[in-house]
Amino acid sequence: MPVGSPRAREWTLEELCGLHRAMVVSRGIERACIEKSGHWYPSLGEEGVIIGTFSQLRPDDAAVPHYRGGLVVPWLRGRSLVQVLGCVTPSQTSPTRGRMYGGFAGGMEFGVMPFITNVLGPNIAVATGMALSFKIRRESRVAVVTFGDGTAGTGEFHESLNMGAALGAPVVYVCQNNGYSISTETQRTLAGKSVADWASRYGMPTALVDGNDVLAVAEAVGNFVARARAGGGPAFIEAKTLRRGGHFGADPGAYMSDEHTRAAEDSDPIRRLEQVLSQRGCEDSRIKSVWATVAGELADAVAKADAQPALTCHDLGLDEIFQHAI
Amino acid sequence: MPVGSPRAREWTLEELCGLHRAMVVSRGIERACIEKSGHWYPSLGEEGVIIGTFSQLRPDDAAVPHYRGGLVVPWLRGRSLVQVLGCVTPSQTSPTRGRMYGGFAGGMEFGVMPFITNVLGPNIAVATGMALSFKIRRESRVAVVTFGDGTAGTGEFHESLNMGAALGAPVVYVCQNNGYSISTETQRTLAGKSVADWASRYGMPTALVDGNDVLAVAEAVGNFVARARAGGGPAFIEAKTLRRGGHFGADPGAYMSDEHTRAAEDSDPIRRLEQVLSQRGCEDSRIKSVWATVAGELADAVAKADAQPALTCHDLGLDEIFQHAI
Amino acid sequence: MRSEALTPSAAGARAITLRQAILEAIGEAMEADPAVVMIGQDLGAFGGPLKSAEGLFTRFGPSRIIETGICESSMTSLAVGMAVQGMRPIVEIMFSDFLPIAATAIVQLAANLRYYSGNTGSVPMVIRTKGGDGPYRAHPQNYEALFAHSPGLIIVSPSDAVSAKGLMKSAIAANDPVLFIENIFLYNAFRESVPAGDIVVPLGKAATAREGTDVTIVTYGRTVRTAIAAANELARNSIDVEVIDLRTIAPFDEEAVLRSVKKTGRLVVAHEAWEVGGIGAEIVSRVTRKAFGSLVCAPELIGAPAVPVPFAEPLRDVMIPNVARITAAVMRVLPR
Amino acid sequence: MRSEALTPSAAGARAITLRQAILEAIGEAMEADPAVVMIGQDLGAFGGPLKSAEGLFTRFGPSRIIETGICESSMTSLAVGMAVQGMRPIVEIMFSDFLPIAATAIVQLAANLRYYSGNTGSVPMVIRTKGGDGPYRAHPQNYEALFAHSPGLIIVSPSDAVSAKGLMKSAIAANDPVLFIENIFLYNAFRESVPAGDIVVPLGKAATAREGTDVTIVTYGRTVRTAIAAANELARNSIDVEVIDLRTIAPFDEEAVLRSVKKTGRLVVAHEAWEVGGIGAEIVSRVTRKAFGSLVCAPELIGAPAVPVPFAEPLRDVMIPNVARITAAVMRVLPR
Ligand SMILES: Cc1ncc(C[n+]2csc(CCOP(=O)(O)OP(=O)(O)O)c2C)c(N)n1
Ligand SMILES: Cc1ncc(C[n+]2csc(CCOP(=O)(O)OP(=O)(O)O)c2C)c(N)n1
Ligand SMILES: [Mg+2]
Ligand SMILES: [Mg+2]
């Protein structure tokens, strides 16, 4: 959708600036993580899907983000940047206390599900179960889950959507389709037209959106979240985005097509929102200052996170495996 | 399809008689098994799918039958009725040698895959793998697998069809849809329109046929088998049938709708083929004699199978677990 | 009979089966706490496989007795999601054959969540299943050891109706995931006097099913009853066997086992599952490492030999620890 | 170094990593037999995770190096179907974390087929995976014990490049399913001299990685090398340790283990996996039952403590049996 095309809803400048800042923070977090480790799985360029999705939830809704780019989600709900970065430099005061790979940390205090197992798939069912709980208790909460296009090929995806539909769970499924599963162009291993086409066969409304248009994502998610909240049951969104670079930081992605790489550069979701902001009269300097401020906040957060007391062998927590010792 | 409606292919009287006899044998085997155990899972009334499907294979094709009604399939390929019944009264000379529940026996000597695990789902992938082997070796063989509508709800179903399609495996998937998964009307737990509709989304040709019309099944399977053999890749058939009675012999099926039960009685696939036979000039007495002959053969087979030397604790076969002792 | 010994003749006690005792625990828990729900296949009109959910659907309706299709893996993950959100789901895996399908959800998701989340989340969930050889000889798998290598998971298998009820109550009340294995052979094999209302049978604690001084038999589930029968037989020859019913298989009650072995000096472990790589190996290993000095001779382990569980009776009967096999093992650990 | 001792300085021997040795075995087997194919994710341009399939796609093309999506469960069942039809599939499960997803296919399908089919079928299949803690600390699971309770399945985990090549060749040649676990830490940690062409390293046979008379350490995989390092350290104090490298974890070489314990009378078992319910329990149990009289003191078991494997280095380092922990265990089994 070209910049400036008619939108499904009105966006205030404040809202737009909020989304922009969140995307800039997301990118900043990722850049900081890449610097820390070549084995970080960056979400650069996928901020449109991540922020577009998780900005549309109520604080009491359940957020179940994909592993790629999930670190920002608890921040959206109030986790400090020091704590966010602490997930990546585990210390005695960091949220994960070193137990999990930082990118999988989630934040249950903020209603954000961690990637407890790095098996791809189960979290789609987890989100469905969370939503089902809300329905059983007649709460007006919803669950939203994002997952990759590779993950959409698992049996868990199908079983979960089927259960969600059959049980009428208030859940919104969002496929963060970046075109790749590690080195595999998923169109090669996923037979058929699209993930959205699969999902539509479970009798739920589906939308195929430009994932690099954060507003399109937010509008689709917002609609479906409202629908689910009103008792309308589950819905599905396929948000097309593009992985910028290899699977992990140190992966040069030599197997990726030039086309893909060029398209990824060209359709940067942050730049696209900035064009909208300009059109809405937001000055360049104000946009630039967001980047600068965020950079400063992040540099500070990294420094503070790095300075936390290091873990020692005594922090293993042998007695924290059950609530009561068995 | 009403009796006598135009067929997709010509059937000789001999062919029709062959199908008829096979269905009568199938029903006779099942009746004998029900008598032996209340925990037999009968395929009464589902012979149209079973015989319609597995009669259309070449002897060197791979047959992977559903657990319900699978016992007849090796017989179609030459296993004696004594051996067939021997699966159910395990003895020293029976094919399974008592190791498996009779209904799961298969017959690998006849290219019929057993139900090695009673987990529903994996055999759909097994058949896909067999087909893929044929493709890799450039053999003109195909694999055909049947499975229930309950089984179609598993992730394995989706993953297998996706692999079959993506890899172009010469396999024909046949859903023996009898409306139930134990006590569950599957339309209640399977969201969406139909299993065929799901399957169609993997980009393979699909057909929805009346499973109680053995000729319709045979024609659809025959077409897709020929297509797969010619290198056309996988295809899917949903054959609608009706479970006649409970999940197992001793299950009264009190939860089943009267409608279902009446429809099952009314659409007996054997009776329907007999109408075709009559129209083709086959005399009633000839049809009756088939039943009588089969009944006699079965009584004889049951007696012979029962008379085989019983298993003892020495038949456990502790050294038959690996090819070479480890 | 043993059931007598275990059962206080409390007011409201009735003679019921192990299956009914478990159902009673579930029913009472569901009455008491709306967070308790059950999820599985064929729990409605069918009443669950082997009537494992009999009557519950009528009492609690479809929003608390949730029926799904065949999808054990995602169904279990879904229940984890419910548990994380404050429900207390009881996942019904029809038969233990299907546990491996849900292995990821159980071992990697449910068992790990509390620890990995730094105690910010927990999984109060029961995974109940039926396994072991039974009267109709289907679904004879004993897969408990596949799950006993997973810190964070509790595994329970009761041997009598009273403890079955109490353990199920404790399992539902626990704020950690419990795999609850119901032995098919025991399901309707006897009736025992079970008190109505709450019975407290704690997780993690073994019971001395029979006191004795000469030999310790450590066992669980169906084999507890076989061991008691063997002990009674041996008692006629003045051999005094102590039978420890683990009740909780993992983590097992090391203290109770060591206490008994320190008294008797002789250990026999018996279970229906395969000997190789089974629960018995862990028990023998633990006892040997922690009470080597108390052992006067090599421990004995009685379980299934290393072949897939066959179907036919004459073959299956060789697999299962019966009175003769257990008696012979006891004799082997005694001085000749 | 140990690699010297193991490696005949054959013509064509080159210094290669364990990863390369395994790749060489696979490449040679694929050259020799068109029935050998490989199936998994990202085996093509990517060369497999950690380059586990490097170069194979270029050599053998897409009909023999088969790429799938993320579907470990059905992919493994699919490979069973191929094996039944006379192929020799090598299933690549990227990391051992994903083994539980394929548990049904491995434990219930592949392991059971020969026996249940009365020897009318077989599953010549290798399931290869990478596991254990490694340089980049991801995918640190050690799930071998989850699969060592399954009669019909062979589990292998090599500790050096030569045996890695030989064992992979044997695994591919075997007409039964083999779970082949490649330790991530060892993957590129060293180069050893490996002969080109066939090396025969039989399945089911342990190797004496170091001869000794005082204490037996039974171990496998990465821990073999740690044990040797510990033994070398202890040798300075004139403690002479024998290190048994199981190579095949299940069924393990009981004879070799018992022979060594009968010689030394003292047993230490060490592995990276959790102590509780692990392979070590089976070894301690077996030795105790079969060679009780030879043991002069309680065996020691060194493995991971009972918490999910944490990520951060300071925590992970407590989990893994290092030289200090092994040395201390050896000291505990020696007279003071
Ligand atoms: C079940 C499973 N198989 C394999 C992996 C290894 N793996 C990690 S990331 C990844 C690619 C996932 O692709 P996608 O879902 O599209 O997410 P993306 O990385 O593109 O964000 C794979 C295969 C895994 N984590 N889980
Ligand atoms: C994975 C799995 N879950 C549960 C079962 C128990 N079970 C046995 S038969 C059956 C119903 C299967 O329904 P369907 O596939 O439609 O076959 P049908 O019995 O109708 O022929 C179920 C759930 C099973 N065998 N496997
Ligand atoms: Mg992707
Ligand atoms: Mg059905």
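Letters go in sequence order (proteins before strands), and every chain restarts at 1.
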Where is the tightest heavy-atom contact between D:Ala298 and C:Thr288, given as atom of each residue plus distance?
CB-O, 3.6 Å
Can you tell which of C:Ile106, C:Val269, C:Val307, C:Leu267 has the highest number of heavy-atom pairs within less than 4.5 Å of chain D?
C:Val307
Within the side chain of D:Tyr116, is there an N or O that forms a donor-acceptor pair under 3.5 Å with the backbone of C:Val309?
yes
Can you tell which part of D:Gln141 gets under 4.5 Å to a heavy atom of chain C, answering side chain, backbone, both or neither?
side chain
Below 4.5 Å, heavy-atom pairs only: which of D:Pro100, D:Ala304, D:Ala148 has the largest tally toward chain C?
D:Pro100
Steps toward side-chain contact (heavy atoms from CB on, under 4.5 Å) verdict (D:Tyr143, C:Val107)
CA-CA 10 Å; D:Tyr143 281 148; C:Val107 163; 4.0 Å; yes
State, with a plain yes or no, whether a side-chain heavy atom of C:Arg286 is found less than 4.5 Å away from one of D:Val284.
no
Where D:Leu301 and C:Ser285 come nearest, the two heavy atoms and their spacing
CD2-OG, 4.3 Å
How far does CZ of C:Arg289 sit from CD of D:Glu275, to the nearest 0.5 angstrom?
5.5 Å
Counting heavy-atom pairs closer than 4.5 Å to chain C, which one of D:Pro151, D:Gly152, D:Pro305 comes out on top?
D:Pro151
Non-hydrogen atoms of chain C under 4.5 Å away: do they reach the side chain of D:Leu295, the backbone, both or neither?
both
Chain C: which of D:Cys297, D:Ala145, D:Ala102, D:Ala250 shares the most heavy-atom pairs with it under 4.5 Å?
D:Cys297
Interchain contact, C:Ala306 with chain D, by part (heavy-atom threshold 4.5 Å)
both
Once rounded to the nearest 0.5 Å, what's the spacing between atom CD1 of D:Ile101 and atom CD of C:Gln108?
7.0 Å
More than 12 heavy atoms of other residues, nucleotides or ligands under 6.0 Å from NZ of D:Lys205: is that the case?
no
Smallest heavy-atom separation, C:Pro299 atom then D:Phe292 atom, equals CD-CD1, 4.2 Å
Against chain C, label D:Val296 side chain, backbone, both or neither, depending on which of its atoms sit under 4.5 Å from a heavy atom there.
backbone
Taking all non-hydrogen atoms of both residues, which atom of C:Leu146 and which atom of D:His149 are closest, and how far apart?
CD1-CD2, 3.6 Å
Do any N or O atoms from the side chain of C:Glu282 and from the backbone of D:Ala281 form a donor-acceptor pair under 3.5 angstrom?
no
